[in-house]
Amino acid sequence: FEFNDKINFESFHGKLLSELFYAPSDIPDSPLLMRNRFIAGHRLNWKPFKGINFGLNEMVIYGDRDPELVYQLPFVFFYAVQNYLGDRDNVLWSFDLDWHINEKINIYSSILIDDFDYNSMFNKINNNKIGIQLGTILDDVIIPNDNFFLEFIWTHHSIYTHKHDINYAYNTEFNYPIGFWGGPHAEHLNLGYGINKWDIDWILSYSYSKRGQVTDEMIEQYHRFDYNRFTGPVEELQLIELKIKKVFLNNILVQFSLQNFDWLNPNFDPFDPDDDEFLLSSLSKTKKISFNLEVLYNFNLPGLNSPYH
């Protein structure tokens, strides 16, 4: 919905693959069936001034029933609805800012709040599970056509989870969340410097990622669970990468990268850190250098320009 040139609104409803199964009690010898999991969301974008964009988002994840008609209405306040329905669904809020201070400086930030509780928001131990993102992109830092980027992400140790497993914003089968790839109990730093020389992009970057365990106690007692971060098994990854990219004939992208990995516990599963197979075979530190060469070709649909032009 485009209200005017400064405000627009988006809404969606969809179905998620839960990978959680049950045996129907009313059908003898029936195979296991997958439990329903749904997602609905809406977003309000506001551009009060040139170069500034605010975003307000609300999302709900629910399941173990048919789609709720009320969650498919675009202008309904999900937080109030899920309380009316018995407080059994998972509502997430997020707020984001994208600020282009000028043509050379861009600052962005977002905060995600899972299971917001205003009664305890200023207490040391509270119901609010938070995720924070801060970043900046600077152009023409040292010479023309160069850029510097920096981003940091931090997540609470039980974000994306819920008292009912069907409402996780996380697929524990594939170890991947909806949103930040690191999931709960994680942090990520990424920085780099890039230049364009001889019509070639040269990018040198460094990233550091760390993930800790997500135990049943953290999930079930998150509102009164005092925990020191990264106590117990953890996964750590440091990556230094040199990437070189060149476009040929407007349609062919050739990309070469040289990567240096320093990886502690690469097969770590946050939701099952005490898995015997992991403890026996994966408590290791891997160091390696990797070379990658990619050639991508894009063809144009009628009336569209090349994506690399």
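One is the number of the first residue; the rest follow in order along the sequence.
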Would Ile130 and Ile111 count as a side chain to side chain contact (heavy atoms under 4.5 Å, CB included) if you check the C-alpha gap in whole Å, the side-chain angles of each, and the deciding distance to 0.1 Å?
CA-CA 7 Å; Ile130 305 294; Ile111 179 169; 3.9 Å; yes
Glu103 CD: over 12 foreign heavy atoms closer than 6.0 Å:
no
Could you tell me if the side chain of Phe95 sits less than 4.5 Å from the side chain of Ser110, heavy atoms only?
no
Does the distance from a Lys or Arg side-chain N to an Asp or Glu carboxylate O, for Arg65 and Asp89, drop under 4.0 Å?
yes
Derivation of the side chain to side chain contact (heavy atoms under 4.5 Å, CB included) call for Phe54 and Lys47:
CA-CA 6 Å; Phe54 290 102; Lys47 300 178 180 179; over 6 Å; no
Which atom names give the shortest non-hydrogen contact between Pro184 and Ile159, and what distance separates them?
CB-O, 3.2 Å
Is a side-chain N or O of Ser18 found less than 3.5 angstrom from the main chain of Arg35, in a donor-acceptor match?
yes
Indicate the atoms forming the closest heavy-atom contact of Leu239 with Gln259, along with that distance.
CD1-CB, 3.8 Å
Got Gln213 and Pro270 here, is their nearest side-chain heavy-atom distance under 4.5 Å?
no
Side chain to side chain, Ile61 and Phe38, heavy atoms closer than 4.5 Å:
no
Check the surroundings of atom CZ in Phe21: do more than 12 heavy atoms from other residues, nucleotides or ligands lie under 6.0 Å from it?
yes
With a 4.5 Å cut-off on side-chain heavy atoms, are Asp96 and Ser109 touching?
no
Show the numbers, then the answer: is there a side-chain hydrogen bond (donor to acceptor under 3.5 Å, both in side chains) between Glu241 and Tyr206?
CA-CA 6 Å; Glu241 180 180 42; Tyr206 167 82; over 6 Å; no
Taking the side chain as everything from C-beta on, heavy atoms only, tell me whether Asp98 gets closer than 4.5 Å to Asn106.
yes
Apply salt bridge (Lys or Arg N to Asp or Glu O under 4.0 Å) to residues Asp139 and Lys104 and explain how you reach the verdict.
CA-CA 5 Å; Asp139 293 326; Lys104 297 182 179 181; over 6 Å; no
Show the numbers, then the answer: is there a side chain to side chain contact (heavy atoms under 4.5 Å, CB included) between Asn147 and Leu138?
CA-CA 5 Å; Asn147 66 81; Leu138 309 177; over 6 Å; no
Are Phe180 and Tyr160 an aromatic pair by the rule of ring centers under 6.0 Å?
no
Less than 4.0 angstrom from a charged side-chain N to a carboxylate O is my criterion; do Arg211 and Asp269 meet it?
no
What closest approach, in Å, do Leu17 and Arg37 show between heavy atoms, and which atom pair accounts for it?
O-NH1, 4.2 Å
Taking the six-membered ring for Trp, are His42 and Phe12 ring centroids under 6.0 Å apart?
no
On the ring face of Phe256, is Lys243 found with NZ or CZ under 6.0 Å from the centre and within 45° of the axis?
no
Identify the two heavy atoms, one from Tyr79 and one from Glu58, that lie closest to each other, and give their separation to 0.1 Å.
N-OE2, 2.9 Å
Do Asp140 and Asn145 get their side chains close enough for a donor-acceptor pair, meaning under 3.5 Å?
no
Do Ile203 and Ile142 sit in the same hydrophobic cluster, where Ile, Leu, Val, Met, Phe, Trp and Tyr count as joined when their side-chain heavy atoms come under 4.5 Å apart?
no
Do you know the tightest heavy-atom contact between Ser207 and His188?
CB-CE1, 3.9 Å
Check Asn8, Ile7, Asn57 against Leu44 for a side chain to side chain contact (heavy atoms under 4.5 Å, CB included) and give me the one that passes.
Ile7
Let me see the working for Glu187 and Arg229 under salt bridge (Lys or Arg N to Asp or Glu O under 4.0 Å), right down to the final yes or no.
CA-CA 10 Å; Glu187 57 190 40; Arg229 284 175 67 82; 3.8 Å; yes
Note, Pro24 side chain near Leu33 side chain (heavy atom, < 4.5 Å):
yes
Indicate yes or no: at least one non-hydrogen side-chain atom of Lys129 is less than 4.5 angstrom from one of Leu112.
no
Those residues at least two apart in sequence (or on a different chain) that pass salt bridge (charged side-chain N to carboxylate O under 4.0 Å, His left out) with Asp199 are Lys246
Yes or no on side-chain hydrogen bond (donor to acceptor under 3.5 Å, both in side chains) for Asn251 and Asn298, after CA distance, side-chain angles and deciding distance?
CA-CA 5 Å; Asn251 292 81; Asn298 280 266; over 6 Å; no
Taking salt bridge (charged side-chain N to carboxylate O under 4.0 Å, His left out) as the test, write out the residues that go with Asp66, two or more places apart.
none
Is any side-chain heavy atom of Phe271 less than 4.5 Å from a side-chain heavy atom of Tyr168?
yes
Parallel, tilted or perpendicular, as decided by the 30° and 60° cut-offs, for the rings of His156 and Trp154:
perpendicular
With side-chain hydrogen bond (donor to acceptor under 3.5 Å, both in side chains) as the test, would you mind laying out the steps for Glu235 and Trp263 before giving the verdict?
CA-CA 8 Å; Glu235 175 188 16; Trp263 202 345; 2.9 Å; yes
Is there a chain of hydrophobic side chains (I, L, V, M, F, W, Y, each step under 4.5 Å between heavy atoms) that links Ile105 to Ile143?
yes
I need the minimum non-hydrogen distance between Val234 and Asn265, along with the two atoms involved.
O-ND2, 2.7 Å
Step-by-step side chain to side chain contact (heavy atoms under 4.5 Å, CB included) determination, Val295 to Ile252:
CA-CA 7 Å; Val295 180; Ile252 301 174; 4.0 Å; yes
Just checking, is any N or O donor in the side chain of Tyr71 or Gln82 under 3.5 Å from an acceptor N or O on the other one?
no
Joint hydrophobic cluster, Tyr108 plus Ile101, side-chain heavy atoms closer than 4.5 Å
no
Ring-ring centroid check His164 Tyr62, cutoff 6.0 Å:
no
Are side-chain N/O atoms of Asn36 and Asp64 paired as donor and acceptor at under 3.5 Å?
no
Is the distance from the ring center of Tyr193 to that of Phe148 below 6.0 Å?
no
Suppose we screen for side chain to side chain contact (heavy atoms under 4.5 Å, CB included). Which residues come up paired with Phe75, at least two apart in sequence or across chains?
Phe1, Phe3, Phe9
